[in-house]
There are 4 protein chains.
Amino acid sequence: MRQNKILSSVKDENLVEKRRNQMIKGAITLFKEKGFHRTTTREIAKESGFSIGTLYEYIRTKEDVLFLVCDAIYQQVRERLEAAIDLKKPSVDNLENVIRSYFELMDDMQEEVIILYQEVKSMKKETREYVLQKERDMVGMLEEVIVSCVPADLAKQDVKLLANNIFVQGQMWGFRRWMLQKQFTLDEYIKRQTHYFMQALAIHKNTNDRRIDDGTSATV
Amino acid sequence: MRQNKILSSVKDENLVEKRRNQMIKGAITLFKEKGFHRTTTREIAKESGFSIGTLYEYIRTKEDVLFLVCDAIYQQVRERLEAAIDLKKPSVDNLENVIRSYFELMDDMQEEVIILYQEVKSMKKETREYVLQKERDMVGMLEEVIVSCVPADLAKQDVKLLANNIFVQGQMWGFRRWMLQKQFTLDEYIKRQTHYFMQALAIHKNTNDRRIDDGTSATV
Amino acid sequence: MRQNKILSSVKDENLVEKRRNQMIKGAITLFKEKGFHRTTTREIAKESGFSIGTLYEYIRTKEDVLFLVCDAIYQQVRERLEAAIDLKKPSVDNLENVIRSYFELMDDMQEEVIILYQEVKSMKKETREYVLQKERDMVGMLEEVIVSCVPADLAKQDVKLLANNIFVQGQMWGFRRWMLQKQFTLDEYIKRQTHYFMQALAIHKNTNDRRIDDGTSATV
Amino acid sequence: MRQNKILSSVKDENLVEKRRNQMIKGAITLFKEKGFHRTTTREIAKESGFSIGTLYEYIRTKEDVLFLVCDAIYQQVRERLEAAIDLKKPSVDNLENVIRSYFELMDDMQEEVIILYQEVKSMKKETREYVLQKERDMVGMLEEVIVSCVPADLAKQDVKLLANNIFVQGQMWGFRRWMLQKQFTLDEYIKRQTHYFMQALAIHKNTNDRRIDDGTSATV
DNA sequence: CATGAATGAGGGTTCATTCAT
DNA sequence: TATGAATGAACCCTCATTCAT
């Protein structure tokens, strides 16, 4: 893991990883609840199952915890996203599946994503840059999927922007849940958004009929 | 203004408004720079041009400042958005104009929007609810514009979701500027996003050609 | 009144007295409720019916208010005590009446007495001394009543101590009400305490001589 | 000790007791000098020999210090009072000895008692109730001594009131020292007061009958 | 390696007092 | 005289971080 960016005074690497995982788990629980700023290092230590002294054997700064947490979240997103992308049979259907998987993933990780959104900006420059790169990477993955799945000769800029849009709208499902999740089921949300993406990608042919579940004859 | 929700021990309402405006201005400057949590009430007072004692004559809690700031931002967004919406001649062109105005507005207010995104979640429930309502209102405004401008018989859900998408993608221009503004000019961004929206709204007729500025023949 | 010890920047003496009386009334109300330290000058001003600025036209320090209040309380006690003492017909019965009147007075002024007990010690030396002198005066009044009412040739020290005891037990009725007023009615309390005082006074006819640096064989 | 009512974030109970004792000692010194309200938590920390941070490891609120102090004072009074009470040979002489011991105790602890008198009323309800109970307990102890030492069949109410009076007059020796200690030596004070108490107690052999819901003809 | 007591800078907030109007 | 906005010292308390055991 890229945890290595963070210095620890403990030598045993396995132990470091173990403790940090405890720490990340504990911290995420707390950050979900009260956010980074309102969470105490003491609380993190306690929730992680060890003492404040021990906590500081594995990090140097409270901000290190934030970094570790964000890093872990991105890592997890990435892993699941990678698993969902099956490049062997690139096809339009596959693209839809990837989008669906990604949205479902965002649904699972709603609260983690909120952590990212709220706290990334309060990291110090260098750390933040590292974390933002992860976002770029992930958007990049979506770009690749698009390129490989869509036959049409898409403009590069469109690919980039649509990848970005997919990425964003996935996150928004959780981030704006107070609004969206009161008006849509996850499935509805996915279907509609996917539909828009497909239109933008010039794939509008035979998909009207998919709009079944709500009588809306959305004459496209 | 709805500033009135916040109690002040000063009676003169004009003065209250004046001082609070100073305060909001000062606070926004600081919040942009370091975020709410890292900003001190003392700093806010100083930046606003008065003493810490005076600050507390006009608010009760540091969180009140946050509320005032968010409220002011939404207020400003709303006003400009309302000004941009001209319902007298509802037309597809008008919709495009509104979207453009809104995106330009989001460009102007990038940093303010970042404040909203980062801090709203750290407000106490009641306050947050008040602020979220503002977002709902604004999405509602976009919904109305869509309905009145688009001739097609759109599904309610599509209207809602597309209004939401417009709203979100506008905010994202600022929020994700580290990525988007390195790859697109504002004009490009607006054009492409608008194009997608129009497609989704079933308005794809004769608009391909508009894609001039970047040779991308985006064969849709 | 001895209010004059406190400087005011207002010249009109009648006005000064009027305002100060408002102030004393307001302050007592508040001090009863929350004590001197927990009461704000602003609150005092408001309760008195004028502004904080006006308050400071009539005093110089918050402590001045405390002084004024204590002074007023002692004044009131003194006046009522004086009214109760009728030296024209000094007799044992009269003594009992005075005691009863004093105890009833202490019942009426319970909360005021509590103010004295709690706050006098937190005055600055000079002010406190002035106020303590009032207590001495009042004990002195009781001494005089005893001397004039009791025929027996009492030892000076006994007079002093018994006057003190009467004074104290009167105050205690209010100060220890959480205990005493749950176990006694005022009338019971007066009767019993009076009875003890009378015993202490009456017995001396035959025991004066014992009081010589105390072989004290407590001949009961 | 009942210090346990106050939470500490330090686990080691011995250390907690040690530090709290330092704290109590330091605080008493300061409270004697300037009272609770005029004493700063920082001052308490400093006087106790540790930092402000450490102080707050052992308490939660400034008021906790007050509670600890009051509790400790009562504790000490109680212990010394208990030691003075020897019920094995209950006798009138024994009663006199107890009174003397108690008064001497009050002489030793004058300033501590003043703290109690001034500050108890400014505690929050729950805390105060706890502390007042201590007073009731101590008066109760005196009641027991009276009952066991005095052969006469005393009215319950007289026992209660006289126990209260003893308790109060003991405290007054310190509380009114500015008056009493200028007019009496401790020994004189004890002898005279004791004499009055004895009269009140012994006289009842022949006056029991009066004590029937008070026709009280105060046969002096 | 683990612990947790100690530290103190710094944060939010209050409130007595002043002074221009 | 009366007002009340302005001031800032000072208060209580928190919490990231260190270090001796």
Side-chain angles (χ1 to χ4, degrees), chain A residues 8-12 15-16 19 37-46 50-65, chain B residues 8-12 15-16 18-19 37-46 49-65, chain C residues 8-12 15-16 19 37-46 50-65, chain D residues 8-12 15-16 18-19 37-46 49-65:
Chain A
S8 164
S9 54
V10 173
K11 301 299 166 197
D12 181 340
L15 190 52
V16 171
R19 290 274 180 268
H37 284 102
R38 298 211 199 283
T39 301
T40 306
T41 51
R42 266 180 175 82
E43 289 171 327
I44 295 171
K46 191 172 183 188
F50 38 70
S51 73
I52 182 67
T54 300
L55 181 73
Y56 274 87
E57 293 291 318
Y58 296 93
I59 54 158
R60 291 238 276 236
T61 298
K62 189 188 174 193
E63 177 147 315
D64 283 354
V65 180
Chain B
S8 165
S9 54
V10 173
K11 299 294 171 66
D12 181 340
L15 191 53
V16 171
K18 180 182 161 196
R19 290 276 177 267
H37 284 102
R38 297 212 200 281
T39 301
T40 298
T41 51
R42 271 176 183 78
E43 289 170 327
I44 296 170
K46 192 172 182 187
F50 36 69
S51 74
I52 181 66
T54 299
L55 180 71
Y56 274 91
E57 292 285 314
Y58 294 93
I59 52 158
R60 292 244 274 238
T61 303
K62 189 187 174 193
E63 176 146 313
D64 283 354
V65 180
Chain C
S8 165
S9 52
V10 174
K11 301 299 166 200
D12 181 340
L15 189 51
V16 171
R19 290 275 178 267
H37 284 102
R38 298 211 199 282
T39 300
T40 304
T41 50
R42 266 180 175 80
E43 290 171 326
I44 295 170
K46 190 172 182 188
F50 38 70
S51 74
I52 182 67
T54 301
L55 181 73
Y56 273 87
E57 293 291 318
Y58 295 93
I59 54 160
R60 290 238 277 238
T61 298
K62 190 188 173 192
E63 177 147 312
D64 284 354
V65 180
Chain D
S8 165
S9 55
V10 173
K11 299 294 172 64
D12 181 340
L15 190 54
V16 171
K18 181 183 160 194
R19 291 276 177 268
H37 284 102
R38 297 211 200 280
T39 301
T40 298
T41 50
R42 267 183 182 73
E43 289 172 326
I44 295 171
K46 192 172 183 187
F50 37 68
S51 73
I52 181 68
T54 300
L55 179 72
Y56 276 89
E57 292 285 313
Y58 294 94
I59 53 159
R60 292 243 273 237
T61 303
K62 190 188 174 192
E63 176 147 315
D64 283 353
V65 180

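Per chain, numbering begins at 1; letters A, B, ... match sequence-line order. For the numbers below, each heavy atom of this structure counts, side chains included, while hydrogens, waters and symmetry mates do not.
In this structure, CG on D:D64 lies 12.0 Å from OG1 on D:T41, to the nearest 0.5 angstrom. Atom CG of D:L55 sits about 11.0 Å away from atom NZ of D:K62, to the nearest 0.5 Å. For the atom pair CD1 (B:I59) and CD (B:E57), the distance works out to 10.5 Å, reported to the nearest 0.5 Å.
Within the 4.5 Å cutoff, side-chain heavy atoms of B:I44 are placed close to those of B:T39.
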| How would DNA chain E look in dot-bracket form, 5' to 3', counting Watson-Crick and G-U wobble pairs with both distances under 3.5 Å and writing | for bases paired to another strand? | .||||||||||||||||||||
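Residue order along DNA chain E, read from the 5' end via each residue's closest nucleotide, puts A:L55 first among A:L55 and C:T41. Comparing B:E57 and D:R19, the nucleotide of DNA chain E nearest to each residue sits closer to the 5' end for D:R19. When each of A:T61 and B:S51 is assigned the nucleotide of DNA chain F with its nearest heavy atom, B:S51 is the one assigned upstream, toward the 5' end. Nearer to the 5' terminus of DNA chain F, by closest-nucleotide assignment, is the contact made by D:T39 (compared with the other of D:T39 and A:G53).
Here C:R38 lies out of heavy-atom contact (under 4.0 Å) with every strand. Here C:T54 lies in heavy-atom contact (under 4.0 Å) with a base. Counting any heavy atom pair closer than 4.0 Å across all strands shown, B:K46 reaches no nucleic acid atom.
Ring geometry for A:F50 versus A:Y58: interplanar angle of 30 to 60°, hence tilted.
Checking side-chain atoms of B:S8 against main-chain N and O of B:V10 turns up a donor-acceptor pair under 3.5 Å. With hydrogens and angles ignored, the 3.5 Å screen pairs no side-chain donor or acceptor of D:S51 with any backbone N or O of D:A45.
Protein chain B touches strand DNA chain F; the 5'-most and 3'-most nucleotides with an atom under 4.0 angstrom of its non-hydrogen atoms are F:dA5 to F:dA10.
B:R42 contributes a side-chain N or O that forms a donor-acceptor pair with the base of E:dG12 under 3.5 Å.
Going from atom CD1 of A:I52 over to atom P of E:dA2 covers 14 Å, rounded to whole Å.
Between A:Y56 and E:dG4 there is no side-chain polar atom (N or O) within less than 4.0 angstrom of OP1 or OP2.
When every heavy atom of B:R38 is checked against every heavy atom of B:E43, the shortest pair comes out as O-OE1, 3.9 Å.
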